[in-house]
Amino acid sequence: MIRRPRRNRQSSSIRSMVKETRLHPSNLVQPIFLVDGNGVRSQVESLPIAYRLSIDEVLKEIKSCIKLGLYNFIMFPAVDEKYKDKDATYSYNPDNFYLKAATTIKKAFPQITLISDVAMDPYSSDGHDGYVKNGEIVNDLTLPILQKMAIAQARAGFDIIGPSDMMDGRVFSIRKALDGANCIDTSIMSYTAKYASAFYGPFRDALDSAPKGGDKKTYQMDPANKREALLEAQLDFEEGADFMMVKPALHYMDVIHLLKEHYDIPIAAYHVSGECAMLLAAAQNGWLNLNKSMDETLLSIHRAGADIIITYFAKMWAEKYQNG
Ligand code: PBG
């Protein structure tokens, strides 16, 4: 045998030298579930490593993440039913606790990156990402609402606006609105290929944001489709997205790879709540080693082409990284 690939695996130092993919805490984004009030830290039952936190607890959480070298956060609000209406008006109300929290966070920790969520579902009495009229999600009536939401978030201090709604034309609409409001330095991380997935369950539990009727299949993508992701990517690129995201991550590695090959802007992947919950549940049963399976999972998403990984494991992984 001329070629013996095992030679390059024979010691830990050689394996380290030939390692093709390395993950660093700077590649990771930690999601935060924000609730109104004070002193709240309530566990999400279907995702036991995640908590709904009030702003005082969020500040403590971010501080401890910074100590671990983790500087990137994406925040989602759990909104009380009383604030929800058809037009999601609370999403751009200056009294909105989510917007106020962003201002407080960025004032306390200007060095971090804070990513928002733009979609109507947390604020909509219909629980859909877009405006519902006669049972239909109306694309073009949604866009002006998303614009107002994005401007309010940029003004509140979010560094990156994250449209997760999958309406057509929203990236351009938001870019135009942000520029018009003189927020030219606020970036857009578009949920470019977001699939109508069964793996969002724990997230919807956490925020109580499941649709009140129907499903999200007329706007989120069909899990069967890959070429369509290229069309979404082309549009988002042309419309001015600064980052493109694939969501979920593990079950869509081929899509991550495809976008990475075709586009020269950073690619993010959202390792979603259900994908994390699977590992946690198996580990709780003693069926998997959580540390090792988490490591392999995040590394694989990175290897597939994701420069950035949004994952509920971010803090846990950063802690492990720091401890060697
Ligand atoms: C909603 C939104 C969802 C997630 C992020 N933003 C759920 C949905 O589309 O119903 C899911 C994230 C996760 O499961 O971790 N705009």
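We count ligands from 1, going down the list as the structure has it; atoms in each ligand are counted the same way. Numbers here simply count residues along the sequence, with the first being 1.
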Report the part of [X] (side chain from C-beta onward, or backbone N, CA, C, O) that has a heavy atom under 4.0 Å from ligand 1; answer both or neither where that applies.
{"X": "Asp165", "answer": "neither"}
{"X": "Asp121", "answer": "side chain"}
{"X": "Ser273", "answer": "both"}

Proximal ligand 1 atoms for [X], defined as those under 4.0 Å from one of its heavy atoms:
{"X": "Lys247", "value": "2 (C), 3 (C), 4 (C), 5 (C), 6 (N), 11 (C), 12 (C)"}
{"X": "Ala119", "value": "16 (N)"}
{"X": "Tyr270", "value": "12 (C), 15 (O)"}
{"X": "Ser164", "value": "1 (C), 6 (N), 16 (N)"}

Do the side-chain N and O atoms of [X] and [Y] include a donor-acceptor pair separated by under 3.5 angstrom?
{"X": "Thr89", "Y": "Asp87", "result": "no"}
{"X": "Tyr195", "Y": "His251", "result": "no"}
{"X": "Asp205", "Y": "Ser46", "result": "yes"}

Given the options Lys86, Lys216, Lys212, Lys84, Asp126 meets salt bridge (charged side-chain N to carboxylate O under 4.0 Å, His left out) only with Lys86
*Tell me, please: is His271 in heavy-atom contact with ligand 1, that is, under 4.0 Å?*
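No, His271 has no heavy atoms under 4.0 Å from ligand 1.
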When the ring planes of Tyr321 and His24 are compared, do they come out parallel, tilted or perpendicular, using 30° and 60° as the limits?
perpendicular
| message | How far is atom 8 (C) of ligand 1 from the closest protein heavy atom, and which atom is that? | response |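 The protein heavy atom lying closest is Lys216 NZ, 3.3 Å.
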Protein contact of atom 15 (O) of ligand 1 - nearest heavy atom, named by residue and atom, plus distance: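 Closest protein heavy atom to atom 15 (O) of ligand 1: Tyr312 OH, 2.6 Å.
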Mark yes when over 12 heavy atoms from residues, nucleotides or ligands other than Lys63 sit less than 6.0 Å from its NZ; otherwise mark no.
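Check fails, neighbour count at 12 or below.
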Other residues, nucleotides, ligands: >12 heavy atoms within 6.0 Å of Gln43 CD: yes
- Tyr83 pairs by ring pair (Phe, Tyr, Trp, His ring centres under 6.0 Å) with which of Tyr90, Tyr123, Phe97?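 Going through the options one by one, the only one that passes is Tyr90.
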- Which of these, Arg204, Met120, Lys194, Met166, has its nearest heavy atom closest to atom 9 (O) of ligand 1?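 Answer by nearest heavy atom: Lys194.
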